[in-house]
Structures are given as C-alpha cells and as structure tokens.
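Reviewing the structure listed below.
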Amino acid sequence: MVKRNILLVIPNLGFGGAQRDFSKLSIELAKKYCIYVCVFNKIGGVDFPLGGKLIDMSVSGGGSVFKKLLNFIKRVKKLKAIKQAYEIDATISYLEGANYVNVLSKSNDKIIISIRGSQQYDETIKGFLGWLRKNIFIKLLYSRADKLVALNYGISKELTDIYKINADKVNIIRNYFDLEEIRIKSKENLSGELANFFDGFIICTAGRLAPEKGYFHLMNVVAEVRKVKANIKLLIIGDGPLKYQLFEYAKQLGLKPYAEWNERHPFSIDETQLLFTGYENNPFKFIAKSQLFTITSSSEGGPNILSEAMICNVPVISVDCPSGPREKLSKNCERPSKSITKAECSDYGILMPVFEQNNRQPIQEWIRVISELVDNKDILSRYVKRANQMIARYDISLMSKAWEKVM
C-alpha cells in the first residue's frame with residue numbers, strides 16, 4: 001500500500017509549546033505516512049526532533065511593511081511549489097502565519113489548519129494590523145480551509161461563534177503526552193548547587209518570558225505572601241524577551257533573584273527566593289520537586305505545561321483565562337459569562353481571577369489563596385489524586401487516531 005504524502009508547516013522550530021507539539025505530531029504521523037516538515041526559515045535553530053524530511057524555505061519575515069508583504073508572497077509561492085513537487089495529499093499547518101500561507105498555497109492537497117490559542121483575547125494582536133487580522137484575515141482565510149483543528153473547546157467556540165466558521169469543519173484535538181516518558185524525566189536528580197534551592201515551599205511556573213504570561217503579577221503575589229510565609233520561593237522555568245526586566249523587577253521586590261543565564265550572580269543560590277532556570281530540555285525534574293504549579297497568563301491555548309505538571313504529581317492553580325485552563329481543571333468546559341473574582345475550587349485544580357492592570361482585587365485573592373494552600377497539605381494531595389484520574393484522556397494513541405480521522 002502506497003503511503004500518503006503529508007506536509008507539516010510551521011514558521012520556525014525554535015523553543016515553544018506549539019513547536020514541541022508540532023515535533024511530537026511529526027514523529028507520530030511518520031509511523032504511518034510519508035512526512036515532510038517545512039519551516040519558513042531556520043534562523044532560530046531547530047530545538048526539537050522531527051519525523052520525516054525537513055524542508056527549509058529560507059524566507060525571512062522581518063523588515064518594512066513592504067518587505068514583509070514581499071516575503072509573505074514568496075512563502076505562498078514556495079509552499080505551493082513544494083506541495084506540487086512532493087505530490088502532497090494533505091497539509092497541516094501550525095500557528096497563524098503558517099495557516100495563512102497554507103490556505104493561499106492550496107494545490108491538490110487537503111488544507112488542515114491548527115489553531116493553538118485564542119485569537120480574540122491574544123493581547124499581542126493589537127494595532128491596525130491586529131485589527132485587520134481579527135476582523136478580516138482570520139475570518140476570510142480560515143473559512144477556506146478544509147478542516148480546522150482547535151486545541152480545545154474554548155477555541156472551537158471562538159471559531160464558530162465569533163468568526164462564523166462552519167461547525168462541520170471544526171474538530172477538537174487536544175495535545176497528547178507520553179505519560180511514562182514525563183514521569184521518568186521527572187525523577188531525574190538536579191545537579192550541583194541547584195538542589196539547594198528546594199528547601200522550602202516552591203511555587204513553580206514555566207513558559208516563555210513574555211508579557212502575556214503575567215510573571216510580573218506572580219512575582220508581586222509571591223513577594224506579598226513571603227511577608228507572612230517566609231519559606232515561600234518562586235521558580236520560573238523558561239527563556240524569552242522579558243528575562244532581564246523580570247530579573248531587575250525581582251530585585252526591586254527584594255526577592256534576591258538567581259538566574260542561570262546571568263554570568264554575574266548578585267545573590268547565591270542558597271539565599272535566593274526566585275530562581276530563573278532559563279530554557280530547560282527537561283523542565284519536569286524541576287516541576288516535580290515543587291509543591292505548587294501556577295499559570296498566570298492573560299490568555300492560553302492548551303496549555304501543555306499545566307497537564308505536564310499534573311502528570312508530575314504537582315497540584316495546580318491557574319487563572320481562568322481564555323481558553324484552556326478551565327477545560328483542563330473543570331468537568332464544565334464553558335467559561336462563565338462574567339470573569340470570576342473569587343477562587344473556584346474545581347474538579348482537578350483551583351481556578352483563579354485573571355490579573356488586571358490597576359486592579360488590586362485579583363492580586364489580593366491570589367495572595368489569600370496561596371497563603372492558605374501553603375499550610376493545607378490535605379487539599380494539595382487531594383488535587384494530585386484527582387489529576388491522576390483525568391490525565392488518561394491525553395494518551396498519545398487517542399490523539400493520533402483523531403488526527404488520522406481529520407486527514
């Protein structure tokens with residue numbers, strides 16, 4: 001039997017949650033199909049293993065508006081040529097830019113686009129170009145795809161209700177995880193003096209150090225909680241554009257930060273209350289040694305790391321932001337019409353108010369809840385047990401079958 005030719009497209013393969021899921025999907029599909037993986041360019045490197053042949057378009061995206069438009073046209077033309085040259089049967093794209101190019105380069109292939117996060121609530125989509133994306137490009141181009149794969153229920157509702165995409169085209173396929181691999185990695189020992197950090201109550205978070213992740217708010221909360229719970233420490237795993245600003249802000253708050261990427265260490269690992277690990281190939285060995293995992297983003301897609309923390313047997317507390325945490329922590333996927341203002345002890349974790357600029361109420365609620373959790377081992381262990389009942393639905397075999405059905 002001749003294998004079908006499947007093309008997977010993503011803007012880049014640098015560090016990121018979407019890139020990691022893209023990597024896992026390519027490896028899984030390569031077991032049954034002839035896989036080709038295409039990137040706009042490899043400027044940021046290739047941080048994940050891949051299944052299939054890698055094709056680099058070598059088209060950058062920076063420069064003036066005219067240059068960006070020219071490069072966009074080049075990408076469309078190149079991708080169409082690739083589809084024709086490799087006789088592609090179906091093309092799966094990840095992230096908005098790749099989705100546009102995939103739709104516009106249609107040849108004889110089935111167009112499948114994957115939507116990883118909320119477009120409507122993404123605070124990085126702003127300005128006149130952001131208005132065009134939200135009000136014209138997404139609705140016009142996404143509707144031309146053969147299938148749309150939403151990461152969760154919230155994104156699916158956004159596509160059908162706000163962007164008026166035909167519901168028959170929209171499928172929900174959640175991320176999948178190799179549960180055994182994560183658990184094995186979580187048991188790895190920490191090397192050197194890093195182990196000295198883990199002698200208190202560790203609050204952990206992980207992700208790209210970017211504005212939408214809400215790390216400034218989380219640092220404010222931890223600084224306040226430490227006034228009454230001195231054994232509290234904050235662990236931030238990841239890299240990104242805000243790392244130096246976050247480091248300086250931590251010093252202002254008196255958290256004595258220690259950063260693995262900072263060559264000069266104004267504070268030792270033994271005295272710090274905030275550890276920045278930088279990018280980690282194995283974040284699970286850090287997460288598993290923490291007492292609480294947090295998500296503080298203004299919007300999310302999955303988020304993968306929330307499920308992975310639960311797999312590592314760490315209780316979780318998350319903002320009830322669009323459009324992923326509630327679906328992971330509650331049996332009721334539907335977010336309330338009004339944002340919550342008080343903590344909600346849900347089925348598999350605690351949902352919290354979203355942080356707002358110039359509004360102290362969400363911060364005060366976070367301070368209250370975390371202060372109470374520090375001394376409540378019973379509720380923390382209860383959520384660990386409940387999480388183990390939920391994570392089976394993210395088994396890799398179930399998600400693989402769902403993708404095969406879409407293709």
Side-chain angles (χ1 to χ4, degrees), residues 4 6-11 17-18 21-22 24-26 28-29 33 88-107 109-122 125 130 132-177 299-304 306-307 320-337 393-407:
R4 295 177 66 200
I6 308 297
L7 177 64
L8 275 65
V9 185
I10 195 167
D21 290 327
F22 182 89
K24 291 190 292 186
L25 180 62
S26 72
E28 190 64 21
L29 293 182
Y33 304 98
I88 298 301
D89 297 299
T91 303
I92 301 170
S93 52
Y94 270 46
L95 302 178
E96 188 182 344
N99 288 340
Y100 293 165
V101 174
N102 186 14
V103 169
L104 292 172
S105 63
K106 182 173 178 61
S107 182
D109 55 326
K110 183 176 185 178
I111 303 296
I112 304 166
I113 63 175
S114 175
I115 296 86
R116 317 296 300 170
S118 170
Q119 315 286 296
Q120 198 67 18
Y121 297 99
D122 187 343
I125 303 179
L132 287 176
R133 287 163 63 185
K134 286 183 178 181
N135 294 279
I136 297 177
F137 295 160
I138 292 174
K139 184 175 182 180
L140 180 65
L141 295 178
Y142 281 18
S143 62
R144 293 174 60 181
D146 295 302
K147 287 289 183 180
L148 296 87
V149 174
L151 193 57
N152 56 47
Y153 174 79
I155 296 171
S156 171
K157 287 281 288 181
E158 185 176 299
L159 291 170
T160 56
D161 294 358
I162 296 176
Y163 294 111
K164 306 302 179 184
I165 306 294
N166 188 334
D168 291 337
K169 287 187 173 186
V170 180
N171 295 72
I172 299 173
I173 303 181
R174 299 178 179 88
N175 289 330
Y176 49 77
F177 305 92
S299 67
E300 278 288 352
N304 283 348
L306 195 62
S307 299
D320 184 27
C321 67
S323 56
R326 177 170 288 272
E327 186 165 337
K328 290 180 181 288
L329 300 185
S330 174
K331 293 177 181 177
N332 178 15
C333 299
E334 195 80 46
R335 290 182 74 236
S337 56
R393 65 180 180 177
Y394 295 106
D395 185 80
I396 193 167
S397 61
L398 297 176
M399 302 307 159
S400 179
K401 289 176 182 176
W403 274 104
E404 289 177 27
K405 187 176 180 180
V406 167
M407 293 189 298

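Numbers here simply count residues along the sequence, with the first being 1. What you see below is based on every heavy atom in this structure, not just the backbone, and it leaves out hydrogens, waters and symmetry mates.
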For the student: nearest non-hydrogen atoms of [X] and [Y], plus distance:
X: E327; Y: G154; answer: OE1-N, 3.9 Å
X: I155; Y: A150; answer: CG2-CB, 3.9 Å
X: A18; Y: L95; answer: CB-CD2, 3.7 Å

For the [atom1] atom of [X] and the [atom2] atom of [Y], what is their distance to the nearest 0.5 Å?
X: I136; Y: L132; atom1: CD1; atom2: CG; answer: 5.0 Å
X: L159; Y: I113; atom1: CG; atom2: CD1; answer: 7.5 Å
X: W403; Y: E28; atom1: CH2; atom2: CD; answer: 12.5 Å
X: I6; Y: S26; atom1: CD1; atom2: OG; answer: 12.5 Å
X: S307; Y: L329; atom1: OG; atom2: CG; answer: 8.5 Å
X: K24; Y: N175; atom1: NZ; atom2: CG; answer: 6.0 Å

**Prompt:** With sequence neighbours left out, what residues match F177 under ring-ring contact (aromatic ring centres under 6.0 Å, His included)?
**Reply:** Y394

**Asked** Can you pull the salt bridge (Lys or Arg N to Asp or Glu O under 4.0 Å) pairs that have at least one residue in residues 152-162, sequence neighbours excluded?
**Response** K157-D161

**Complete:** salt bridge (Lys or Arg N to Asp or Glu O under 4.0 Å) pairs touching residues 397-407, sequence neighbours excluded, are K32-E404

Counterpart residues, side chain to side chain donor-acceptor pair (under 3.5 Å), relative to [X] (two or more places apart):
X: K106; answer: D146
X: N152; answer: none
X: Y33; answer: none
X: S330; answer: S346

**Complete:** Residues pairing under side-chain hydrogen bond (donor to acceptor under 3.5 Å, both in side chains) where one sits in residues 162-173, two or more places apart or in two chains, turn out to be Q120-Y163

**Residue pair I92 / L29, side-chain heavy-atom distance below 4.5 Å** = yes

**Asked** Any side-chain heavy-atom pair from M407 and I112 closer than 4.5 angstrom?
**Response** yes

**Item:** side chain to side chain contact (heavy atoms under 4.5 Å, CB included) against P325, all qualifying residues, sequence neighbours excluded
**Value:** E300, P303, L306, S318, C321, L351

**For T91, side chain to side chain contact (heavy atoms under 4.5 Å, CB included) partners two or more places apart** = L7, V9, K83, I88, N102, D109

**Request:** In sequence, state the C-alpha distance, the side-chain angles, and the governing distance for L141 and N99, and then conclude on side-chain contact (heavy atoms from CB on, under 4.5 Å).
**Result:** CA-CA 8 Å; L141 295 178; N99 288 340; over 6 Å; no

**Item:** salt bridge (charged side-chain N to carboxylate O under 4.0 Å, His left out) partners for K110, two or more places apart
**Value:** none

**Test salt bridge (charged side-chain N to carboxylate O under 4.0 Å, His left out) applied to R116 - qualifying residues, sequence neighbours left out** = D21

**Request:** Classify the ring geometry between Y94 and F22 as parallel (under 30°), tilted (30 to 60°) or perpendicular (over 60°).
**Result:** perpendicular

